[in-house]
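In what follows, a single structure is set out as structure tokens and then discussed.
Per chain, numbering begins at 1; letters A, B, ... match sequence-line order. All values reported here derive from a predicted model rather than from experimental measurement.
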There are 2 protein chains.
Amino acid sequence: MKGKATSFDIAHYAGVSQSTVSRALRNSPLVNEETRKKVQEVAKQLNYKVDKNASNLRTQQSSTLALLLFEDPTADDSQINPFFLAMLGSITRACARAGYDLLVSFQQASEDWHADYEDSHRADGLILLGYGDFIDYQEKLDKLMSTATHFVCWGAQVAGHPDLSLSCDNEQGGRLAAEHLISLNRTHCAFIGDASEHSPEFNARFNGFKGVFTEHGFTIDNRKIANAISTDESGYHATKSLISNNVQFNALFAASDLIAIGAIRALKEANLRVPEDVAVIGFDDIPMASFINPPLTTISQSTSKAGEMLVENLLKLIAGQPVEHKVLLPELVIRQSCH
Amino acid sequence: MKGKATSFDIAHYAGVSQSTVSRALRNSPLVNEETRKKVQEVAKQLNYKVDKNASNLRTQQSSTLALLLFEDPTADDSQINPFFLAMLGSITRACARAGYDLLVSFQQASEDWHADYEDSHRADGLILLGYGDFIDYQEKLDKLMSTATHFVCWGAQVAGHPDLSLSCDNEQGGRLAAEHLISLNRTHCAFIGDASEHSPEFNARFNGFKGVFTEHGFTIDNRKIANAISTDESGYHATKSLISNNVQFNALFAASDLIAIGAIRALKEANLRVPEDVAVIGFDDIPMASFINPPLTTISQSTSKAGEMLVENLLKLIAGQPVEHKVLLPELVIRQSCH
DNA sequence: CTGAAAGCGCTTACAG
DNA sequence: CTGAAAGCGCTTACAG
């Protein structure tokens, strides 16, 4: 036989019609047990595999999900945020368990990342991951909504559609960080991250954090806040600028672990000891967090649970089932960067 | 219009035949410039996207590559080797540049990971990544060969088909490590990794390393060799066993950075200082390597170049073009874990 | 339980 | 340069 075997080849060798082959291979209850066995045997012998393009075309679905990871435009070629890499891992596994294939693609925030994965029937739905500017982002989400594309996203909220988002309770995470620092008597605290509406997750972390400080009668001076995107470079420079502006603080809350790692580097360079002079707390609990010096106290988000739930929700959406807005609970992980 | 627009809808609105629509959208030189413009305009208005399943079915190809990442069976759910994660990133980018989609899937070495991605026309070819046992592995590669599947793999060699593999020059990497240690007068050296044919990459690293030691008149005592797979846990335990067996060494070559990280932890627990008491050198240069304490001296493999070349070679194979066997050059990265 | 037939939405040889 | 038609390999309503 030249080329791949088709269902007609199987039909020929098994002595049945092609329709019966198709039914037998899909385990249709309509087909006789013996017929099924014979068909499946022949199929195995000929190393037959259903042509996905043909069956997808016929059934108008793809059993494929697409993961779109969009990056900060400044991120360099090789560095992908480890937090998202971990998410990618858990999403991949969750897809496999559900019998779906996963298409992965990186997108610059500037590109047309909403893409046409679903319109072109390459995927039944999209999973959107990424830090980045929430404002830029919104317009594209609207476009996705308008084309009735099935999607879920991590972190950012879709206006009017809380069910499409999944995130950890970032405000609660910020609160945990603040309580820990206050319990340690570290109340002159700087914040590195973007505490604006452009970064809704960072903003929520900051708000939770600030809330607890306020409840305890402490304030966070605006001079102690420095902007950074989620890279260690950015965290490094933001911290350096704080130091060179002579801002005084004995604690630092970084909006992500990567930022915290850069911050620690800047502190060390300025001969500030961590945690003696400055206690540092991060957010995410990326694998690296436990390996740096000192090991980083941080707020952990469960990437494995997150990935699973994203896939689960997207599958429900595709099936037309209702999805509830859920929020994952962050946890404080105490290591040695605060005391 | 209900549902997605098809090429017939475009034809209707543009006042041409469906064949012409198809030609116009594919930029066939056969179609009149004005006709093309009108067709593309209408297509845009209707938010038309070519149905990939239909066009793939017709053309018998998928413009999709599949990346199969297989893992050590012991690896826990969330931990993926950062080296492969970096490869994944660069492969994803390389695919996007080439206009291909990328399917990603994790496979346990025990599973039928050769899968049916190509037979079922989901992908035009496969990229295989993974540490793991080379012997188990070979049988599946044979199967892939026998079904004329297009694939390339990282690291392991396919018997009789050097062109299907890409790797860094692991032996040269081992040599670089040895020369560095010897130049530092660290000649009582332990090796952690699997120096057997089961792990051809580790084995090559060890052979290059040992070769240089021999040339300089030094030996590597078998007692100083401990087996480990590429996880920090495994490196930790292997190093611990060396220490508890009272093996003496002032240098340690770990077959991967993850192993080195575990080894350093074990050394510290035994109150051995790195690098004063034991100089440690790793392999891979994963992102974490520069963040641990002390920052790890290691042999770097360029994941971005590797990813690009894997995709490039696979595309050549698919196009029926000849592929040369190439090898990437590793580089010594000096940090603070050896002196 | 089985078969003949239609049709998913394209691409491309064929005829003009 | 354009159109009518065949066909990629399936799935499934329809008829028996």
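When the P atom of dT11(C) is taken as reference, atom CZ of Phe8(B) falls 11 Å away, rounded to whole Å. When rounded to the nearest whole Å, the span between NE2 of His12(B) and C1' of dG9(C) equals 18 Å.
Between Leu57(A) and Ser17(B), the one whose closest nucleotide on DNA chain D sits nearer the 5' end is Ser17(B). With the nearest nucleotide of DNA chain C identified for both Thr35(A) and Val50(B), Thr35(A) has the one nearer the 5' end. Between His121(B) and Val16(B), the residue anchored nearer the 5' end of DNA chain D, judged by the nucleotide with its closest heavy atom, is Val16(B).
Contact check on Arg36(B) versus Glu33(B) returns a salt bridge, with a Lys/Arg side-chain nitrogen under 4.0 Å from an Asp/Glu carboxylate oxygen.
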task = Represent DNA chain D in dot-bracket notation, 5' to 3'. Only Watson-Crick or G-U wobble pairs with both distances under 3.5 Å count; pseudoknot-style crossings use [ ] and interstrand partners use |.
result = |||.||||||||.|||
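The side-chain heavy atoms of Trp154(B) and Phe83(B), taken from C-beta on, include a pair separated by under 4.5 Å. Proximity of Tyr100(A) to Val311(A): side-chain heavy atoms (C-beta onward) are nowhere separated by under 4.5 Å. You'll find the side chain of Met145(A) reaches within 4.5 Å of the side chain of Leu164(A), heavy atoms only. Proximity of Thr149(A) to Tyr117(A): side-chain heavy atoms (C-beta onward) are nowhere separated by under 4.5 Å.
In this structure, the nucleotide among dC8(D), dC10(D), dC1(C) sitting nearest to the side chain of Leu30(A) is dC1(C).
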Please tabulate, one pair per line, all N/O donor-acceptor pairs under 3.5 Å involving side-chain atoms of residues 56-69 of chain A, not counting sequence neighbours.
| residue | atom | partner | partner atom | Å |
| --- | --- | --- | --- | --- |
| Asn56(A) | ND2 | Lys52(A) | O | 3.1 |
| Thr59(A) | OG1 | Ser55(A) | O | 2.8 |
| Ser62(A) | OG | Thr64(A) | N | 3.3 |
| Ser62(A) | OG | Asp124(A) | N | 3.3 |
| Ser62(A) | OG | Asp124(A) | OD1 | 2.9 |
| Thr64(A) | OG1 | Ser62(A) | O | 2.9 |

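What you find for Leu166(B) and Ala306(B) is that their closest heavy atoms are CD2-O, 3.6 Å.
Side chain of Glu118(B) to main chain of Leu126(B): no donor-acceptor pair is present (N/O by atom type, distance under 3.5 Å, no hydrogens or angles). A donor-acceptor pair is defined here as one N or O able to donate and one able to accept, closer than 3.5 Å; such a pair exists between the side chain of Ser90(A) and the backbone of Thr303(A).
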Please write out the pairs of protein N or O atoms and N or O atoms of nucleotides 12-16 of chain C separated by less than 3.5 Å, giving the distance to one decimal.
| residue | atom | partner | partner atom | Å |
| --- | --- | --- | --- | --- |
| dT12(C) | OP2 | Arg26(B) | NH1 | 3.0 |
| dT12(C) | O4' | Arg58(B) | NH2 | 3.4 |
| dA13(C) | N6 | Arg23(B) | NH2 | 2.7 |

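Using P as the reference atom, dC1(C) and dA5(C) are 24 Å apart when rounded to the nearest Å.
Residue Ser7(A) places at least one side-chain N or O closer than 4.0 Å to OP1 or OP2 of dC10(D).
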